[in-house]
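Handing you this structure, nothing more for now.
Scope of the values below: all heavy atoms of this structure, side chains included, with no hydrogens, waters or symmetry mates.
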Amino acid sequence: MANGADPRASKTMIKEENRVAEPLTVSPELSANYAYFFDLDGTLAEIKPHPDQVVVPHNILQLLHRLSTHNAGALALISGRSMAELDALSAPFCFPLAGVHGAERRDINGNTHIVRLPQAIARDVSAQLHAALGNLPGAELEAKGMAFALHYRQAPQHEATLLALAQHITQKWPQLALQPGKCVVEIKPKGANKGEAIAAFMQEAPFAGRIPVFVGDDLTDEAGFDVVNNLGGISVKVGAGATRATGRLAGVPEVWRWLEEINNPQQEKKLMNDRRDGYGSFSRSI
């Protein structure tokens, strides 16, 4: 894209009905104009048979830290994982976070914003889920305090049963909502989603006034894509499947390569020249 063109214009053509994004072949420049949001599993790290096996390579964490530093800290991880898990996976760095699909959030100043379930509801839901999964070998229950994840990656034959169970729970307790994902069905507080988390960040420093960029791979990320699209930002779907994102990367290795391109020395040199000249830009070609 020529200098001076609208940085929010999308190169990809999205079909109006199913909005399937075409491959993303561009990357933002390393500049001070963007607010970055990244999902973790399936985006920054490959999905593993068990969540405890997931690792974000240290060089990728370093690239994230560098990108954050060049954008005044405007980079956050947005995940279905808890904030404690996200901190462990991103150590030694400490990024702003939204965990459990936005039910818990930590801003740039370390202040936390947490949606809590009434103890009686959390206790009763937990008891019902434990009893049900005892009869579904291979399925796993992950309790997150205010949310519950029903994993069936090791037992795909239980998908329909777990979905029906989650639907029953959310019908019984209207304070809860169902969120399908990749080989998981989650039960979370109603109104908590990645889109709301991104919207909250975008109202705060250092994210406010920037162009949001969100990279995610799952159904849980679509709410985030909607918010970013409405703000004129850049939404990136990782992997196959219909999406409301405006761009696509084929997989986790392509996300890593994309981060390397943003952080490459030529981009940094361009950044310094742009700052010296008093402007920032967005490149649509690599």
Side-chain angles (χ1 to χ4, degrees), residues 39-57 77-90 97-104 114-194 216-223 237-243 251-253:
D39 177 41
L40 194 141
D41 295 82
T43 298
L44 294 174
E46 296 282 9
I47 293 176
K48 299 294 183 180
H50 195 277
D52 291 345
Q53 298 172 332
V54 170
V55 174
V56 182
L77 303 181
I78 312 288
S79 174
R81 287 180 180 267
S82 69
M83 292 196 302
E85 289 179 295
L86 292 174
D87 272 333
L89 285 165
S90 59
L97 305 172
V100 195
H101 307 288
E104 54 180 17
I114 299 176
V115 177
R116 302 186 187 279
L117 287 179
Q119 289 187 353
I121 292 178
R123 181 185 62 248
D124 291 348
V125 171
S126 179
Q128 186 166 337
L129 291 176
H130 274 98
L133 266 69
N135 298 317
L136 301 172
E140 295 184 34
L141 171 63
E142 180 185 3
K144 304 180 182 182
M146 77 292 288
F148 304 87
L150 312 178
H151 296 275
Y152 56 89
R153 184 170 297 277
Q154 303 303 310
Q157 69 274 18
H158 297 319
E159 177 181 3
T161 302
L162 292 174
L163 181 60
L165 173 62
Q167 288 173 332
H168 172 74
I169 295 288
T170 55
Q171 289 169 358
K172 184 176 181 180
W173 285 283
Q175 302 93 331
L176 299 171
L178 184 153
Q179 175 64 70
K182 288 184 177 178
C183 296
V184 63
V185 178
E186 301 205 43
I187 300 168
K188 63 180 183 178
K190 183 172 290 185
N193 61 64
K194 294 182 180 181
D217 74 303
D218 204 348
L219 288 173
T220 64
D221 298 310
E222 294 295 322
K237 162 80 169 180
V238 180
T243 181
V252 172

> Run the side-chain contact (heavy atoms from CB on, under 4.5 Å) check on Leu176 and Val125 step by step: do they pass?
Replying inline: CA-CA 10 Å; Leu176 299 171; Val125 171; 3.9 Å; yes
>> Looking at every non-hydrogen atom in both residues, tell me the closest pair between Leu162 and Ala139 and how far apart they are.
In response: CD1-CB, 4.1 Å
> Is any side-chain heavy atom of Cys183 closer than 4.5 Å to a side-chain heavy atom of Gln154?
Replying inline: no
> What pair of heavy atoms forms the shortest contact from Val184 to Ala149, and how long is it?
Replying inline: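 That would be CG2-CB, 3.9 Å.
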> Within the side chain of Ser126, is there an N or O that forms a donor-acceptor pair under 3.5 Å with the backbone of Ala122?
Replying inline: no
>> Can you give me the closest heavy-atom contact between Leu117 and Pro189, atom names plus distance?
In response: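 So the minimum-distance heavy-atom pair works out to CD2-CG, 4.3 Å.
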> Salt bridge check: are Lys194 and Asp39 linked by an N-O gap of less than 4.0 Å?
Replying inline: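 A salt bridge links Lys194 with Asp39.
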> Step by step, would you call Gln175 with Lys190 a side chain to side chain donor-acceptor pair (under 3.5 Å)?
Replying inline: CA-CA 6 Å; Gln175 302 93 331; Lys190 183 172 290 185; over 6 Å; no
> Roughly how far apart are Met83 CE and Glu104 CD, rounded to 0.5 Å?
Replying inline: 4.0 Å
>> Just so I know, are the side chains of Val100 and Val115 near enough to count as touching, which here means a heavy-atom distance under 4.5 Å?
In response: no
>> So, taking the atom named CE in Met146 and the one named CD1 in Ile121, what distance separates them when rounded to the nearest 0.5 Å?
In response: 14.0 Å
> Cut-off 3.5 Å, side chains only: do His50 and Glu140 have a donor facing an acceptor?
Replying inline: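 Note: His50 and Glu140 side chains meet the donor-acceptor criterion.
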>> Determine whether a donor-acceptor pair (N or O, by modelled atom type, separation under 3.5 Å) exists between the side chain of Lys188 and the backbone of Ala192.
In response: yes
> Are Asp41 and Lys182 within salt-bridge range, i.e. N to O under 4.0 Å?
Replying inline: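 Salt bridge flag = no for Lys182 with Asp41.
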> Side chains of His130 and Leu141: closer than 4.5 Å at any heavy-atom pair?
Replying inline: yes
>> I'd like to know whether Val55 forms a side-chain contact (heavy atoms from CB on, under 4.5 Å) with Glu46, so could you lay out the CA-CA distance, the side-chain angles of the two residues, the decisive distance to 0.1 Å, and finally the verdict.
In response: CA-CA 8 Å; Val55 174; Glu46 296 282 9; over 6 Å; no
>> When you compare the side chain of Leu89 with that of Leu40, does any pair of heavy atoms fall below 4.5 Å?
In response: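 Side-chain contact under 4.5 Å: yes.
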> Should the heavy atoms of other residues, nucleotides or ligands under 6.0 Å from CD of Gln119 be counted, would the total exceed 12?
Replying inline: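 No, not enclosed.
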> Which pair of heavy atoms, one from Lys237 and one from Ala240, lies closest together, and at what distance?
Replying inline: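 The pair with the smallest heavy-atom distance is CE-O, 3.3 Å.
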>> Let's go through Lys144 and Glu186 carefully: what are the C-alpha distance in whole Å and the side-chain angles of both, what is the deciding distance for salt bridge (Lys or Arg N to Asp or Glu O under 4.0 Å) to 0.1 Å, and is it a yes or a no?
In response: CA-CA 10 Å; Lys144 304 180 182 182; Glu186 301 205 43; 2.9 Å; yes
> How about Tyr152 and Val185: do any of their side-chain heavy atoms sit closer than 4.5 Å?
Replying inline: yes
> Hey, does Leu150 have a side-chain heavy atom less than 4.5 Å from the side chain of Leu165?
Replying inline: yes
> Taking all atoms of both residues into account, what is the closest heavy-atom pair of Ser90 and Leu77, and its distance?
Replying inline: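 What the structure gives for the nearest pair is CB-CD1, 4.0 Å.
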> Of the non-hydrogen atoms in Leu178 and Ala166, which two are nearest, and what is the gap between them?
Replying inline: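 Answer, listing the atom of Leu178 first, then Ala166: CD1-CB, 3.6 Å.
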> With side chains defined as the heavy atoms from C-beta onward, is the minimum distance between Asp218 and Val238 less than 4.5 Å?
Replying inline: no
> Side chain of Glu85, backbone of Ser82: donor and acceptor closer than 3.5 Å?
Replying inline: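 Side chain of Glu85 to backbone of Ser82: a pair is present.
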>> Distance check, rounded to the nearest 0.5 Å: Asn135 atom CG versus Thr161 atom OG1?
In response: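 With rounding to 0.5 Å, CG (Asn135) is 10.5 Å from OG1 (Thr161).
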> Heavy atoms, side chains only, cut-off 4.5 Å: are His151 and Pro51 in contact?
Replying inline: yes
>> Going by salt bridge (charged side-chain N to carboxylate O under 4.0 Å, His left out), name the pairs with one or both residues in residues 149-170, residues two or more places apart or in two chains.
In response: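 Residue pairs with at least one partner in residues 149-170: there are none.
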> Just how far is it from atom NE2 of His168 to atom CG of Leu163, taken to the nearest 0.5 Å?
Replying inline: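 The CG atom of Leu163 is 13.5 Å from NE2 of His168, to the nearest 0.5 Å.
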> How long is the gap from OG1 on Thr43 to CD1 on Ile78, to the nearest 0.5 Å?
Replying inline: 11.5 Å
>> Check whether His158 reaches the backbone of Pro137 with its side chain - one donor and one acceptor, N or O, closer than 3.5 Å.
In response: yes
> Quick one: CD on Gln128 to CD1 on Ile169, what's the gap to the nearest 0.5 Å?
Replying inline: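 Going from the CD atom of Gln128 to the CD1 atom of Ile169 covers 3.5 Å.
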